[in-house]
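Heavy-atom basis, side chains included; hydrogens, waters and symmetry copies ignored. Being a predicted model, the structure only gives us computed values, none of them experimental. Atoms within a ligand are numbered from 1 in the order they appear, just like the ligands themselves.
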Amino acid sequence: MMPMRFDVITLFPELVKAVVSSGVTGRAAERGIISLKQWNPRDYALDVHRTVDDRPYGGGPGMVMKGDCLLQAIRDARRENPGKVVYLSPQGIPLNQALVTELAAAENVILLCGRYEGIDERVIALEVDLECSIGDYVLSGGELGAMVLIDAVTRLLPGALGHHESAAQDSFFDGLLDCSHYTRPEELEGLAIPAVLKSGNHADIAKWRKKQALGKTWRRRPELLQARQLTDSERVLLNEYINEFES
Ligand SMILES: Nc1nonc1C(=O)NC1CCNCC1
């Protein structure tokens, strides 16, 4: 099976390389499940100072990434990786599990990382297929967004997670927050674990976990429940949770 290929356009290739140096993504790279290649726009800057940014037209603070170097880097990457160009920016659509799942179905992706105040808008017009944000805050660069995307997508690729792990139990996998988790010791600083988890009754444990996931989502992220049709059994479990929570 060919690896999913991530080409990253970045002024800080060493920062992005860290995402494949350890953990699930590091193992996935070792196993040939993903591959990563960085393209540095500065390598396309022909002036002696290798300039990649300039002052904004219209004035104002900060600098803007120049379009010419970015366009050359993107087009060189596209020649090797005909994937979608995804620009990480706060102006993008939220990176959520649904989008991650969609991207995981692609063979490869080109990730464009901005710095400074942003990139020349004409680059977006000419070469960007999708603009996405990892959250409503401002980072110093799109690289952390690219690494978040690479991590979240990689977890969904066949073979990336060991047989002891599974994306299917992750938060958001079925549109809900994750249930609480416990491990040894059984008592920790006087705190016990929920008795059902020691019962060995897998049906009861699964029911308890689903109820906890539904209840935690109801308490912390009710809007996720609006977006998700609950089955009859889920509705019963959630009502049980609410009654217990409110009693
Ligand atoms: N939030 C974000 N999700 O993806 N990228 C994000 C971001 O803050 N990018 C910076 C915006 C200011 N210029 C440098 C890059």
Let me check something: any side-chain donor-acceptor pairs from residues 29-38 under 3.5 Å, sequence neighbours excluded? List them with distances.
{"from": "Arg31", "atom 1": "NH1", "to": "Gly159", "atom 2": "O", "distance (Å)": "3.1"}
{"from": "Lys37", "atom 1": "NZ", "to": "Glu80", "atom 2": "OE1", "distance (Å)": "3.0"}
{"from": "Lys37", "atom 1": "NZ", "to": "Glu80", "atom 2": "OE2", "distance (Å)": "3.0"}
{"from": "Gln38", "atom 1": "NE2", "to": "Pro13", "atom 2": "O", "distance (Å)": "3.0"}

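- Using a 4.0 Å heavy-atom cutoff, Gly145 is absent from the residues neighbouring ligand 1.
- Between the side chains of Thr51 and Asp47, at least one donor-acceptor pair of N or O atoms lies under 3.5 Å.
- Of all atoms in ligand 1, listed by their number and element, those nearer than 4.0 Å to a heavy atom of Gly114 are 14 (C), 15 (C).
- Close approach of ligand 1 to Val138 (heavy-atom distance below 4.0 Å) involves ligand atoms 8 (O), 12 (C).
- Considering every non-hydrogen atom in both Arg209 and Cys179, the closest pair reads O-CB, 3.5 Å.
- In terms of heavy atoms, Leu177 sits closest to Ala213 at O-CB, 3.2 Å.
- The nearest protein atom to atom 9 (N) of ligand 1, hydrogens excluded, is given as Pro90 CD, 3.7 Å; this is a heavy-atom distance.
- Residue Tyr137 approaches ligand 1 through these ligand atoms, each under 4.0 Å from one of its heavy atoms: 1 (N), 8 (O).
- Here is the list of ligand 1 atoms found below 4.0 Å of a heavy atom in Leu88: 4 (O), 5 (N).
- With hydrogens left out, the protein atom closest to atom 4 (O) of ligand 1 is Ser89 N, 3.4 Å, a heavy atom.
- Atoms of ligand 1 lying under 4.0 Å from any heavy atom of Gly142, numbered from 1 in the order shown and given with element: 15 (C).
- Protein heavy atom at the shortest distance from atom 10 (C) of ligand 1 is Leu139 O, 3.3 Å.
- Interatomic distance, Ile110 CD1 to Asn81 CG, rounded to the nearest 0.5 Å: 4.5 Å.
- Checked by atom type, the side-chain pair Trp39/Asp76 shows no donor-acceptor distance below 3.5 Å.
- Here the closest non-hydrogen pair linking Arg75 and Glu127 is NE-OE2, 2.7 Å.
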Can you give me every donor-acceptor pair (side chain of residues 54-74, partner residue at least two apart or in another chain, under 3.5 Å) with its distance?
{"from": "Gln72", "atom 1": "NE2", "to": "Asp68", "atom 2": "O", "distance (Å)": "3.4"}

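- Of the protein's non-hydrogen atoms, Ile134 N, 3.0 Å is the one closest to atom 3 (N) of ligand 1.
- Within ligand 1, the atoms closer than 4.0 Å to a non-hydrogen atom of Gly135 are 1 (N), numbered from 1 in the order shown.
- Near Ser140, meaning under 4.0 Å from one of its heavy atoms, ligand 1 places the atoms 14 (C).
- At the shortest separation from atom 13 (N) of ligand 1 among protein heavy atoms lies Tyr116 O, 2.8 Å.
- The distance from atom CG of Leu197 to atom CG of Asp204, rounded to the nearest 0.5 Å, is 10.5 Å.
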